[in-house]
Amino acid sequence: MQPGAPKFRRRKEARPGEIVEAAFAVFAEKGFAAARLDDIAARAGVSKGALYLYYETKEALFEAVVTSRIGANLAQVREMIAAFPGPFGLLLARLVPTMAQVMGRTAVGSIGKMVIGEGRNFPELARYWREAVVEPMLGAMTAAVAAAQARGEVRPGDPRLYALQIASPFLMGVLWRETFVPVGAEPVDLDRLAAQHLAVLQSGLLLTPTSPT
């Protein structure tokens, strides 16, 4: 079916998801400023009036894209961090490759690049990204590091900065993929990055090595 073709047989309940997927595609291609609601409606195969029934603004669509394409995956990671029963070394061994997988398969790179590029002109995008994506993940990881420090498992230091150190290589990896790979740079292998990063964390961050079970 061509973009813009009516989708007469689809269920009404499916339309919000189709509109969000169309918005994601248009945002990724054109950025936030250049994306038009007309383009999104055409990509979703609905009228502009029908689009307004579900999302009144581009900002609302941006929030829906973040929630559907990123939020659910990161919520699962946060729940895993909060519920993990073992020592921090074992949590790291599970968390680091999981972060590589989640960052690799979600829209973190493409949407993150857009927020970085356009956040100054559209501060509401940067604000929502920080509140919905950055702070919840950073908060969960900071709490886990602080708890591990209290148990004597992690070196002294600012737990929030440690949390940033744990997550930053993967953000750099997906931003590299979105920014430099399209112009000829070699891709970053996130799984290899995770393995090397984990080895560095285990040798430099932990006070007591933890053997995998």
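R177 meets the salt bridge (Lys or Arg N to Asp or Glu O under 4.0 Å) test with no other residue; sequence neighbours excluded. For the ring-ring contact (aromatic ring centres under 6.0 Å, His included) test, no residue two or more places apart in sequence or in another chain qualifies with Y55. Under the side chain to side chain donor-acceptor pair (under 3.5 Å) criterion, Q196 pairs with no residue at all, not counting sequence neighbours. Legend: residues meeting side-chain contact (heavy atoms from CB on, under 4.5 Å) with A50, ordered by chain and number and at least two apart, are V46, S47. Residues passing the salt bridge (Lys or Arg N to Asp or Glu O under 4.0 Å) test with E29 are R43, sequence neighbours excluded. Take R105 and apply the salt bridge (Lys or Arg N to Asp or Glu O under 4.0 Å) test, not counting sequence neighbours, and it matches no residue. For R94, the salt bridge (Lys or Arg N to Asp or Glu O under 4.0 Å) test picks out no residue, with sequence neighbours left out. With sequence neighbours left out, the side-chain contact (heavy atoms from CB on, under 4.5 Å) criterion links L161 to D158, L164.
Within the structure, ring-ring contact (aromatic ring centres under 6.0 Å, His included) pairs that include any residue of residues 139-190 comprise F170-H197, W176-F180 (at least two apart or interchain).
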Please report the C-alpha distance between F62 and K58 in whole Å, then the side-chain angles of each, then the deciding distance to 0.1 Å, and finally whether the side-chain contact (heavy atoms from CB on, under 4.5 Å) criterion is met.
-> CA-CA 6 Å; F62 170 80; K58 280 201 298 182; over 6 Å; no
Verdict with reasoning, L92 to I166, per side-chain contact (heavy atoms from CB on, under 4.5 Å) = CA-CA 9 Å; L92 274 181; I166 293 168; 4.1 Å; yes
Can you list the steps and then say if L207 with V154 is a side-chain contact (heavy atoms from CB on, under 4.5 Å)?
-> CA-CA 5 Å; L207 286 173; V154 170; 5.9 Å; no
CA sep, side-chain torsions, deciding dist, call: L205, F88, side-chain contact (heavy atoms from CB on, under 4.5 Å) = CA-CA 10 Å; L205 182 61; F88 190 74; 3.9 Å; yes
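Here the CD atom belonging to Q76 is positioned 10.5 Å from the OG1 atom belonging to T98, to the nearest 0.5 angstrom. Distance check, rounded to the nearest 0.5 Å: CD of E79 to CG of L74 gives 11.0 Å. Between atom CD1 of residue I19 and atom CD1 of residue I40 there is a gap of 9.5 Å, rounded to the nearest 0.5 Å. Taken to the nearest 0.5 Å, the CG atom of L61 stands 11.0 Å off from the CD atom of E56.
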Going by atom type alone, with no hydrogens or angles, which donor-acceptor pairs under 3.5 Å involve a side-chain atom of residues 129-143 and a protein atom two or more places apart or on another chain?
| from | atom 1 | to | atom 2 | distance (Å) |
| --- | --- | --- | --- | --- |
| E135 | OE1 | R160 | NH1 | 3.4 |
| E135 | OE1 | R160 | NH2 | 3.4 |
| E135 | OE2 | R160 | NH2 | 3.1 |
| T142 | OG1 | L138 | O | 2.6 |

Going by atom type alone, with no hydrogens or angles, which donor-acceptor pairs under 3.5 Å involve a side-chain atom of residues 183-195 and a protein atom two or more places apart or on another chain?
| from | atom 1 | to | atom 2 | distance (Å) |
| --- | --- | --- | --- | --- |
| D189 | OD1 | D191 | N | 3.0 |
| D189 | OD1 | R192 | N | 3.1 |

Side-chain polar contacts of residues 120-128 - donor-acceptor pairs under 3.5 angstrom, sequence neighbours left out - could you list them?
| from | atom 1 | to | atom 2 | distance (Å) |
| --- | --- | --- | --- | --- |
| Y128 | OH | T67 | OG1 | 3.3 |

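Side-chain N or O atoms of Q149 include one that pairs as donor or acceptor with a backbone N or O of R155 at under 3.5 Å. Listed for the E18 side chain is no donor-acceptor partner under 3.5 Å among the backbone atoms of A44.
Of all non-hydrogen atoms in V65 and I111, the two that sit nearest each other are CG1-CD1, 4.0 Å. Closest of all the heavy-atom pairs between T57 and L37 is C-CD2, 4.5 Å. Listed here is the closest heavy atom pair of V20 and S68: CG1-OG, 3.2 Å. Nearest heavy atoms, L206 versus G89: CD1-CA, 3.7 Å.
Transitive grouping of hydrophobic side chains (ILVMFWY, heavy atoms separated by less than 4.5 Å) keeps M103 and V200 in distinct clusters.
By the 30° and 60° cut-offs, the orientation of the rings of F32 relative to F27 is tilted.
F84 is not listed as a side-chain neighbour of L95, based on a closest heavy-atom distance of 4.5 Å or more.
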